Amino acid sequence: MIKYEKFVLENGLKVIVHQDKSTPLACINILYNVGSRDENSEQTGFAHLFEHLMFGGSVNIPSYDEPLQMVGGENNAFTTNDITNYYLTLPSDNLETGFWLESDRMLSLAFSEKSLEVQRNVVIEEFKQRYLNQPYGDVWLLLRPMAFKVHPYQWDTIGKEISHIENAKMDDVKNFFKKFYCPNNAIMVVAGNVELEEVKKLSEKWFAPIPKGPNNQRNLPQEPEQIEARSLSVDRDVPVDAIYKAYHMCSRYDKEYYSVDLISDILSRGNSSRLYNALIKEKKLFSDLNAYVMGEFDKGLFVISGKLSKGVSMEDADKAIDVELQKIKTEFVTVDELTKVKNKIEASHVFGEVEVLNKATNLAVAELLGNAEIVNQEVGKYLSVTAEQIKEQANIIFRNENCSTLYYNAKK
């Protein structure tokens, strides 16, 4: 059970405070309600570019990292299709340094041509290294546009193509910042060895003066139901063949999400899971095979991906996966199997609540999903999933016409 307090500043910034006296640290997590799904289709990769720009100096602080390191703090950030999340940890005695740094970034970036040029080059280099020049690196650049035809999930966070980042102009960058990086589009969680009254005081001092931004109403195109199987076959310079199957599923907001997430665990969590036992251990068709949900906030993807063992044909591998999916569609999962995956979920939630940073991030995401209290309800939602619900969701999801398959062939 994570205890917390909540308050909202006049400019719309939501603040959540979680006190944990067992640590000497404090953590500030700021979640901005913007991800790659909010980008213009002709200017993709901006949310991720911003993740980098936010470390390139703000209006009154030329270097973000230096003052933080001087007080023994560290920081990082990540971008998804749905959110951009920034976090720092530091000794709780130096909490105000964190408030000073984060509020200055929210107020305004330095917006220098030099910083834009530097970060643009960093992102372009990352695009080349991680997506174009790495084995299997372009999988999502191929799979997403195959699975999504109208929804902006059709591009990855890095963007559709390098030219979108190469051509990013200062005005485009400023407009993106003004629209999304404002207090009313953010959730701040302050966790660790902190006092509610101190956090209120520091929030008023550092964040209250920042003006409110526009009220962003999302109006994203909804992906129509997929009514025919899609596939793409590519040849690449990689060590072994691989297969990727993406099925449309419900959104992170839907109550069915918990059943679907458990299906991914039944199929591939640990060495006693179905796919591991049947297709890696017994039949030796795969050297590696995983099933997972992407957890997207809009209707997203359930993915099965695997690397084939030497000499196994793509057709045999594909059929073998289908056989396992057929079983979960036609037979009820046993009580023991369901209990086992539920226990694992419960255990990982308990372990996840040890780290103050995890708690801060989870509270912020839960608040964005509708209410911070979701963090305390999630385990119960998993535990209440029935075998009937598992079977029902398996039948909704695992249909050939609902699947996009990428056959990734190693060049002979």
Side-chain angles (χ1 to χ4, degrees), residues 1-23 25-35 76-89 92 95 98-99 102-103 106 180-204 206-208 210 212-213 215-216 218 251-255 257-258 261 295-298 345-346 348-384:
M1 182 82 171
I2 300 176
K3 292 186 173 164
Y4 59 89
E5 303 282 346
K6 269 200 299 199
F7 60 92
V8 184
L9 300 182
E10 276 192 20
N11 58 14
L13 178 66
K14 290 179 179 165
V15 186
I16 299 172
V17 185
H18 164 66
Q19 191 181 62
D20 179 355
K21 290 289 191 185
S22 71
T23 173
L25 299 174
C27 162
I28 299 175
N29 186 101
I30 300 191
L31 182 156
Y32 288 93
N33 186 8
V34 56
N76 216 326
F78 62 85
T79 313
T80 73
N81 299 80
D82 301 302
I83 61 169
T84 315
N85 196 63
Y86 299 85
Y87 52 91
L88 64 84
T89 51
S92 58
L95 182 61
F99 272 81
E102 289 299 340
S103 63
M106 191 185 283
F180 296 112
Y181 282 78
C182 43
N184 49 309
N185 202 48
I187 296 162
M188 175 165 73
V189 180
V190 184
N193 193 3
V194 297
E195 300 289 342
L196 176 63
E197 287 313 311
E198 185 193 13
V199 173
K200 278 186 173 170
K201 198 175 78 197
L202 291 173
S203 300
E204 284 293 340
W206 290 106
F207 284 94
I210 301 171
K212 197 175 179 174
N215 284 324
N216 298 316
R218 270 196 189 91
S251 85
R252 185 72 183 76
Y253 286 94
D254 293 320
K255 61 182 189 300
Y257 175 80
Y258 300 96
D261 197 17
E296 285 131 334
F297 287 17
D298 288 335
I345 287 264
E346 195 167 13
S348 59
H349 268 74
V350 171
F351 287 126
E353 286 178 9
V354 175
E355 291 275 328
V356 71
L357 182 58
N358 280 355
K359 288 190 279 189
T361 309
N362 292 343
L363 280 164
V365 170
E367 182 64 27
L368 186 62
L369 286 170
N371 189 347
E373 191 52 31
I374 289 171
V375 294
N376 295 321
Q377 298 165 346
E378 290 228 283
V379 170
K381 288 179 178 176
Y382 281 108
L383 296 181
S384 67

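The shown structure was predicted, so the numbers you read here are calculated from the model rather than taken from an experiment.
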If you compare all heavy atoms of Phe7 against all heavy atoms of Ser203, which two are closest, and at what distance to 0.1 Å?
CZ-OG, 3.7 Å

My understanding is that only residues two or more places apart in sequence, or in another chain, count here; which of them pass ring-ring contact (aromatic ring centres under 6.0 Å, His included) with Phe180?
Phe176

Run the salt bridge (charged side-chain N to carboxylate O under 4.0 Å, His left out) test against Asp261 and tell me which residues pass, sequence neighbours left out.
none

Looking only at heavy atoms, which two atoms of Val8 and Lys14 are closest? And how far apart?
CG2-CG, 4.2 Å

Going from NZ on Lys212 to CG on Leu9, what distance comes out if it is rounded to the nearest 0.5 angstrom?
11.5 Å

Please identify each residue that fulfils side-chain hydrogen bond (donor to acceptor under 3.5 Å, both in side chains) with Asn376, with sequence neighbours left out.
Glu373

Please list, chain by chain and in numerical order, all residues satisfying salt bridge (charged side-chain N to carboxylate O under 4.0 Å, His left out) with Glu378, sequence neighbours excluded.
Arg252

Has the side chain of Asp82 got a donor or acceptor atom that lies under 3.5 Å from a matching backbone atom of Glu296?
no

What residues form a side-chain hydrogen bond (donor to acceptor under 3.5 Å, both in side chains) with Thr79, not counting sequence neighbours?
Glu51

With sequence neighbours excluded, what pairs up with Tyr87 under the ring-ring contact (aromatic ring centres under 6.0 Å, His included) test?
none

Atom CG of Leu31 and atom OG1 of Thr84: how far apart are they, to the nearest 0.5 Å?
8.0 Å

For the backbone of Gly213 and the side chain of Asn184, can you confirm whether one donor and one acceptor N or O come within less than 3.5 Å of each other?
yes

Which residues share a side-chain contact (heavy atoms from CB on, under 4.5 Å) with Ile210, sequence neighbours left out
Asn11, Ser103, Met106, Leu107, Pro183, Phe207

Restricting to ring-ring contact (aromatic ring centres under 6.0 Å, His included), what partner residues turn up for Tyr253, sequence neighbours left out?
Phe297

Pairs of donor and acceptor atoms involving the side chains of residues 186-202, under 3.5 Å and at least two apart or interchain, shall be tabulated with distances.
| residue | atom | partner | partner atom | Å |
| --- | --- | --- | --- | --- |
| Asn193 | OD1 | Lys21 | NZ | 3.3 |
| Glu195 | OE1 | Gln19 | NE2 | 3.2 |
| Glu195 | OE2 | Lys21 | NZ | 2.6 |

Give every donor-acceptor pair under 3.5 Å between a side-chain atom in residues 360-369 and any protein atom, sequence neighbours left out.
| residue | atom | partner | partner atom | Å |
| --- | --- | --- | --- | --- |
| Thr361 | OG1 | Asn29 | OD1 | 3.2 |
| Thr361 | OG1 | Leu357 | O | 3.0 |
| Asn362 | ND2 | Asn358 | O | 3.3 |
| Glu367 | OE1 | Lys6 | NZ | 2.9 |
| Glu367 | OE1 | Ala372 | N | 3.0 |

For Tyr86, enumerate each residue passing the ring-ring contact (aromatic ring centres under 6.0 Å, His included) test, keeping only those at least two apart in sequence or located in another chain.
Tyr32

Could you state the interatomic distance from OG1 (Thr89) to CG (Asn76), rounded to the nearest 0.5 Å?
10.0 Å

Nearest heavy-atom neighbours spanning Gly98 and Ile28
C-CD1, 3.6 Å

With sequence neighbours excluded, tell me which residues meet side-chain hydrogen bond (donor to acceptor under 3.5 Å, both in side chains) with Lys359.
His18, Asp20

